[in-house]
Amino acid sequence: MAYWLFKSEPETWGWDDQVAKGDAGEEWDGVRNYQARNFMREMALGDRGFFYHSQSDKAVVGIVEVCAEAHPDSKADDPRWECVDIKAVRPFQQPVTLDQIKADTRLSEMVLVRNSRLSVQPVTETEWRMICAMGQTDPD
DNA sequence: GCCAACGTTGGC
DNA sequence: GCCAACGTTGGC
C-alpha cells in the first residue's frame with residue numbers, strides 16, 4: 001500500500017466537507033497539474049492519504065482512503081485531467097502543523113517541505129508513521 | 001498583501 | 001525548441 005498527501009484550502013473544501021460525504025467519498029477534482037495528476041494515476045484502491053489544510057491552517061488534519069482509482073475529472077472540460085475519489089477514514093487526534101513538520105529534521109525531505117506548491121504528493125511509510133505518531137493517531 | 005517558486009503559454 | 005511573459009499557489 002502506498003501513502004499520499006492531498007492538499008486543500010479549508011475554505012474551499014475542508015475536512016468537514018470530506019467527512020460529510022461519508023463512505024461514498026468524493027472526487028478529488030480540480031487538479032490541473034500534470035505531476036499531481038500522474039500521482040493520482042499511480043494510486044490504488046485502499047491507498048491511504050493525509051488530508052492537509054493549506055493557507056489558514058497549514059496542518060495535517062485527517063486520514064483518507066482512495067475509494068476509486070483514477071478516472072476523468074467530471075468537472076474538467078478536457079479529458080486529460082483525471083482524479084481519484086477519496087473518503088474520510090479518521091480525523092487526527094491532534095492536527096500536525098507545517099511548523100512541527102519543518103521543525104523535525106527527519107522530515108526535511110518531505111515533498112510538503114521541498115515543493116510546497118504540489119497539491120497531490122507521495123509520502124513515504126516512514127513519514128506516514130512519524131506524522132501519525134505526532135498526531136497521536138492510529139496509522140493503520 | 002507580498003513575493004518566491006513554479007508551471008504554462010505563446011511568439012519567435 | 002527556447003525563453004519571456006504571465007498566472008497561480010501557498011507560506012510568510
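What you see below is based on every heavy atom in this structure, not just the backbone, and it leaves out hydrogens, waters and symmetry mates. Below, read A as the first sequence line, B as the second, and so on, with proteins coming before strands; counting in each chain starts at 1.
Residue contacts for A:L98: at a heavy-atom cut-off of 4.0 Å it reaches the sugar-phosphate backbone alone, with no base atom in range.
Note on A:K58: every side-chain N or O is 4.0 Å or more away from OP1 and OP2 of C:dG10. Contact annotation: A:Y34 side-chain N/O to B:dC6 OP1/OP2 distance is not under 4.0 Å. Taking side-chain N and O atoms only, A:Q55 has no distance below 4.0 Å to OP1 or OP2 of C:dT9. Contact between the side-chain N/O atoms of A:K7 and the OP1/OP2 oxygens of C:dT8 is not found at any separation under 4.0 Å.
Taking the salt bridge (charged side-chain N to carboxylate O under 4.0 Å, His left out) definition, one finds that A:D85 meets it with nothing, sequence neighbours left out.
Side chain of A:W4 to main chain of A:D47: no donor-acceptor pair is present (N/O by atom type, distance under 3.5 Å, no hydrogens or angles). Checked by atom type and distance alone, the side chain of A:D73 pairs as donor or acceptor with a backbone atom of A:G30 at under 3.5 Å. The closest donor-acceptor contact from the side chain of A:D78 to the backbone of A:R80 lies under 3.5 Å.
Distance, A:N33 CG to B:dT9 P: 11 Å, rounded to whole Å. As rounded to whole Å, 17 Å separates atom P of B:dC3 from atom CZ of A:R117. Counting to the nearest Å, the P atom of B:dG7 and the CD atom of A:Q121 are 13 Å from each other. Distance A:N38 CG to B:dG7 P: 12 Å, rounded to the nearest Å. Counting to the nearest Å, the P atom of C:dC12 and the CG atom of A:D57 are 14 Å from each other. When the P atom of C:dT9 is taken as reference, atom CD of A:E9 falls 7 Å away, rounded to whole Å. The distance from atom CD of A:E11 to atom C1' of C:dG10 is 12 Å, rounded to the nearest whole Å. The distance from atom CZ of A:R114 to atom P of C:dG11 is 16 Å, rounded to the nearest whole Å.
For A:K102, whose side chain is taken as the heavy atoms from C-beta onward, the closest listed nucleotide among B:dG7, C:dT9, C:dG11 is C:dG11.
For the atom pair A:Q100 CD and A:K58 NZ, the distance stands at 13.0 Å (nearest 0.5 Å).
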